[in-house]
Amino acid sequence: MIKAIIYDSNTGFTKQFAYSFAASTGLPIYTLKEAKKTLNKNDNIIFFSWIQADKIHNIKKAKRYNIAYAAAVGLRLYNEELVELIKKNSKVNNVYYLEGGIRWRMLGPFQRLMMKMILAMLKSKKKKNKATPDDIELINRLNLGYENINLDSLNILIEWYNSQKELVA
Ligand SMILES: Cc1cc2nc3c(=O)[nH]c(=O)nc-3n(C[C@H](O)[C@H](O)[C@H](O)COP(=O)(O)O)c2cc1C
């Protein structure tokens with residue numbers, strides 16, 4: 001039985017998804033810090049976190065619990081190879097990818113620098129006519145900031161959660 005949602009969010013997008021999922025499922029929701037005081041080691045959980053350098057942030061800490069699903073929030077457009085890469089880097093099997101956004105004003109100085117470097121690299125690729133349509137979309141999102149998250153993209157994960165409940169009942 002899944003006991004709770006645990007989330008880790010840097011600028012708020014993952015938190016939005018995790019709270020929306022909590023509202024739809026009725027599961028309790030904790031930060032990693034709160035979970036340590038409340039949950040037991042190896043409890044079944046759903047972990048929501050953001051993607052940093054193609055890896056789920058703080059996945060190591062979440063592995064204290066049994067991760068039934070990891071919901072990974074990134075800025076890139078969804079594609080299957082990306083999900084496989086995230087699974088491999090995070091060493092977790094069940095990954096559900098969600099498109100988040102970018103809030104420049106909430107990034108720390110080092111994070112801002114990293115994102116500026118990625119943007120510069122993508123722009124240079126575009127100049128050489130080597131950018132893919134996904135790269136161009138990412139340039140647009142990074143250039144303008146991106147806030148258009150779609151909470152309906154949680155629906156398949158909610159269906160999966162409901163099917164797990166039925167298995168237990
Ligand atoms: C330092 C840094 C590295 C990032 N690396 C990736 C990445 O590899 N792939 C990706 O899709 N998004 C990447 N992002 C974008 C975040 O995953 C995205 O902004 C996400 O919505 C943040 O969620 P949050 O608001 O819950 O922190 C990166 C962001 C930062 C600050």
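Just follow the structure's listing: the first ligand is 1, and inside any ligand the first atom is 1. Quick note: residue numbers are just sequence positions, from 1. Because only heavy atoms are used, hydrogens play no part in the values below, and waters and symmetry mates are left out as well, while side chains stay in.
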Checklist entry - Is Lys15 close to ligand 1, meaning an N/O of one under 3.5 Å from an N/O of the other? => result no
Next on the checklist: Students should be able to answer this: which protein heavy-atom is nearest to atom 22 (C) of ligand 1, and at what distance?
Outcome noted: Trp50 CB, 3.7 Å
Item to check | Polar proximity ligand 1 side, Gln111 side, N/O cut 3.5 Å exclusive | outcome: no
Item to check | Distance from atom 19 (O) of ligand 1 to nearest protein heavy atom, with residue and atom | outcome: Gly101 O, 2.5 Å
Item to check | atom 4 (C) of ligand 1 [closest protein heavy-atom partner, distance rounded to 0.1 Å] | outcome: Ile51 O, 3.5 Å
Item to check | Taking atom 10 (C) of ligand 1 as the reference point, the nearest protein heavy atom with its distance | outcome: Leu75 N, 3.5 Å
Checklist entry - Should Trp104 be listed as contacting ligand 1, given a heavy-atom distance under 4.0 Å as the test? => result no
Item to check | Atom indices of ligand 1, in the order listed, that fall short of 4.0 Å to a heavy atom of Gly100 | outcome: 21 (O)
Checklist entry - Looking only at N/O atoms, are Met114 and ligand 1 under 3.5 Å apart anywhere? => result no
Item to check | Region of Leu82 that comes within reach of ligand 1 [heavy atoms, distance under 4.0 Å] | outcome: neither
Item to check | Short N or O distance, Thr14 and ligand 1, threshold 3.5 Å exclusive | outcome: yes
Next on the checklist: Geometry only, no angles: is Gln52 polar-contacting ligand 1 at N/O separations under 3.5 Å?
Outcome noted: no
Next on the checklist: Just to confirm my output: which protein heavy-atom neighbour is closest to atom 25 (O) of ligand 1, and how far is it?
Outcome noted: Thr11 OG1, 2.4 Å
Next on the checklist: Can you tell whether the side chains of Glu137 and Arg141 come within less than 4.0 Å, N to carboxylate O?
Outcome noted: yes
Checklist entry - Polar-atom distance check: Arg103 versus ligand 1, any N or O pair below 3.5 Å? => result no
Checklist entry - When you measure from atom 30 (C) of ligand 1 to every protein heavy atom, which one gives the shortest distance, and what is it? => result Met115 SD, 3.5 Å
Checklist entry - Which atoms of ligand 1 are found less than 4.0 Å from any heavy atom of Tyr97? => result 11 (O)
Item to check | Note: Asp135-Lys125 ion pair, threshold 4.0 Å (strictly below) | outcome: yes
Checklist entry - Between Ser9 and ligand 1, which part of the residue brings a heavy atom under 4.0 Å of the ligand: side chain, backbone, both or neither? => result both
Checklist entry - Against heavy atoms of Gly12, which atoms of ligand 1 measure under 4.0 Å? => result 24 (P), 25 (O), 26 (O)
